[in-house]
Amino acid sequence: MTSKIVVTVAAPVDVVWDALRDKEKIRHWHGWEYEGAEGGLDEEIDQIYFTHVVEDGTTLRLGNGDVFAVEPVEGGARITLTRAPLGADPDWDAYYDDVTEGWITFLHQLRFAVERHPDEPRHTLFYSGTAPIARLGIPNQPAGTAYELELFRQELKGEVWYTTDHQTGLTVDAWGNGLLIVSHIPPGVQKPDGASMAILSSYGDIDRDDLDARWQSGWAQLG
C-alpha cells in the first residue's frame, strides 16, 4: 500500500526544488526548531534529505523509500510525495500514518515559506499531547476563508491556509504573518487517548517568550 501527498506551490519549479535541496532553506519549513543529544533539527535535516538519497532531475528519493517529484503546472509547481509502501521498513510500520501526517504538515509549511516568506528564517514553538483540539475553536472552513478568534488571551486573525481530515493551518497576522498548524488523531488501537499537536511559526520581532507562556498555560488547561 502506498499513499501520495500533493501540494501545489505558487512558485517556479527551480525555486521549489531549491527549497528541497538547500539545507538552510529546508530549516525554513521542515519540522520545528529543537536541540537534542543527536544534533536536533540540523541533524534531522541532514539524515532525511542528504543521507542515502538519490537525485534525478527534480525527483528525490529518500533513504526510507519516500519519493519527492516536483513538476511545472499552471500557476507554479506541483510537489508529489509518494510514500514508500507499507511494509518496506517493518521497524517503522507502526508509525506509518504518523509519518504521513507529518509530511502533510511539512509540505504545507514548505508552501507557506516559499509563497509568504521566501528566504526568511522562522521561529517555531511546538506542543503535543492528547488535548481535545475542538476546544480551541479553530474554524473548519475552506482554504482562503478569513477568520478571527481569541486563543489563549490573544486575538488572532488571518486566513485558513489548508484543511485535511486531521489538520488545519491558519495564517496569523499577529505573528508577523505567521502560521499555526494544529492536528488531532482520534483515539485508536495505537493511540488509545488520541494525539494532538500544534506548531507555531512566527517571523520578525515577536515576543516568543510571552507567546510560549500563553500556549504552555493554555495547552495544559485543555487537558
Q. Does L136 share a hydrophobic cluster with L149, counting links as ILVMFWY side-chain heavy atoms below 4.5 Å and allowing steps through other members?
A. yes

Q: Following the transitive rule for hydrophobic clusters with a side-chain heavy-atom cut-off under 4.5 Å over Ile, Leu, Val, Met, Phe, Trp and Tyr, establish whether L60 and L81 coincide in one cluster.
A: yes

Q.
Could you check whether any side-chain heavy atom of N177 comes within less than 4.5 Å of a side-chain heavy atom of F112, counting everything from C-beta outward?
A. yes

Q: Rounded to the nearest 0.5 Å, what's the gap from CZ on R208 to CG on L125? Could you check?
A: 6.0 Å

Q) F106 vs W103 aromatic rings, parallel, tilted or perpendicular, using cut-offs 30° and 60°? A) perpendicular

Q) Below 4.5 Å, heavy atoms only, C-beta onward: do H123 and E33 meet side chain to side chain? A) yes

**Q.** Smallest separation among heavy atoms of P139 and T168, with atom names
**A.** O-CG2, 4.0 Å

Q | Value rounded to 0.5 Å, distance of OH in Y95 from OG1 in T100 | A | 14.5 Å

Q: Mark yes or no for whether Y162, through its side chain, and Q167, through its backbone, hold a donor-acceptor pair below 3.5 Å.
A: no

Q: Please report the shortest heavy-atom distance between H166 and I185, naming the atom on each side.
A: CG-CD1, 3.7 Å

Q: Please answer: with hydrophobic residues joined when any side-chain heavy atoms are less than 4.5 Å apart, are I104 and V7 in the same cluster?
A: yes

Q. Think R122 forms a cation-pi with W175, using NZ or CZ under 6.0 Å from the six-ring centre and within 45 degrees of its axis?
A. no

Q | H28 side chain near V114 side chain, heavy-atom distance below 4.5 Å | A | no

Q.
Are I26 and L20 packed together at the side-chain level, in the sense that at least one heavy-atom pair is separated by less than 4.5 angstrom?
A. no

Q. Less than 4.5 Å apart, any side-chain heavy atom of Y34 and any of F126?
A. no

**Q.** Result of checking Y127, W219, W215 against F152 for ring pair (Phe, Tyr, Trp, His ring centres under 6.0 Å)
**A.** W215

Q: Could you label the plane-to-plane angle of the F68 and Y49 rings as parallel, tilted or perpendicular, counting under 30° as parallel and over 60° as perpendicular?
A: tilted

Q. How long is the gap from CG on D42 to NZ on K23, to the nearest 0.5 Å?
A. 8.5 Å

(Q) For I199, is there any backbone N or O sitting under 3.5 Å from a side-chain donor or acceptor partner on T124? (A) no

Q | Distance (rounded to the nearest 0.5 Å) between R214 CZ and L200 CG | A | 12.0 Å

Q: Could you give me the CA-CA distance, side-chain angles and deciding distance for T105 and E101, then say whether side chain to side chain donor-acceptor pair (under 3.5 Å) is met?
A: CA-CA 6 Å; T105 298; E101 288 295 320; 5.9 Å; no

Q. Does some side-chain heavy atom of V53 sit less than 4.5 Å from a side-chain heavy atom of R21?
A. yes

Q.
Using only atom types and a distance under 3.5 Å, with no angle test, would you say the side chain of T58 pairs donor to acceptor with the backbone of V70?
A. yes

(Q) I'd like to know whether H30 forms a side chain to side chain donor-acceptor pair (under 3.5 Å) with E44, so could you lay out the CA-CA distance, the side-chain angles of the two residues, the decisive distance to 0.1 Å, and finally the verdict. (A) CA-CA 9 Å; H30 177 85; E44 180 177 321; 2.7 Å; yes

Q: Starting at CG of L180, measure out to CG of L156 and round the result to the nearest 0.5 Å.
A: 7.5 Å

**Q.** Side-chain heavy atoms of L211 within contact of Q154, under 4.5 Å
**A.** yes

Q: Using atom types as modelled and distance alone, determine if a side-chain donor or acceptor of R61 lies under 3.5 Å from a backbone N or O of V54.
A: no

Q.
Determine whether a donor-acceptor pair (N or O, by modelled atom type, separation under 3.5 Å) exists between the side chain of D66 and the backbone of A84.
A. yes

Q) How many angstroms lie between CZ in R83 and OG in S3, if you round to the nearest 0.5 Å? A) 5.5 Å

Q) What closest approach, in Å, do G204 and E120 show between heavy atoms, and which atom pair accounts for it? A) N-OE2, 4.3 Å

**Q.** Close side-chain approach of L62 and I48, heavy atoms under 4.5 Å
**A.** yes

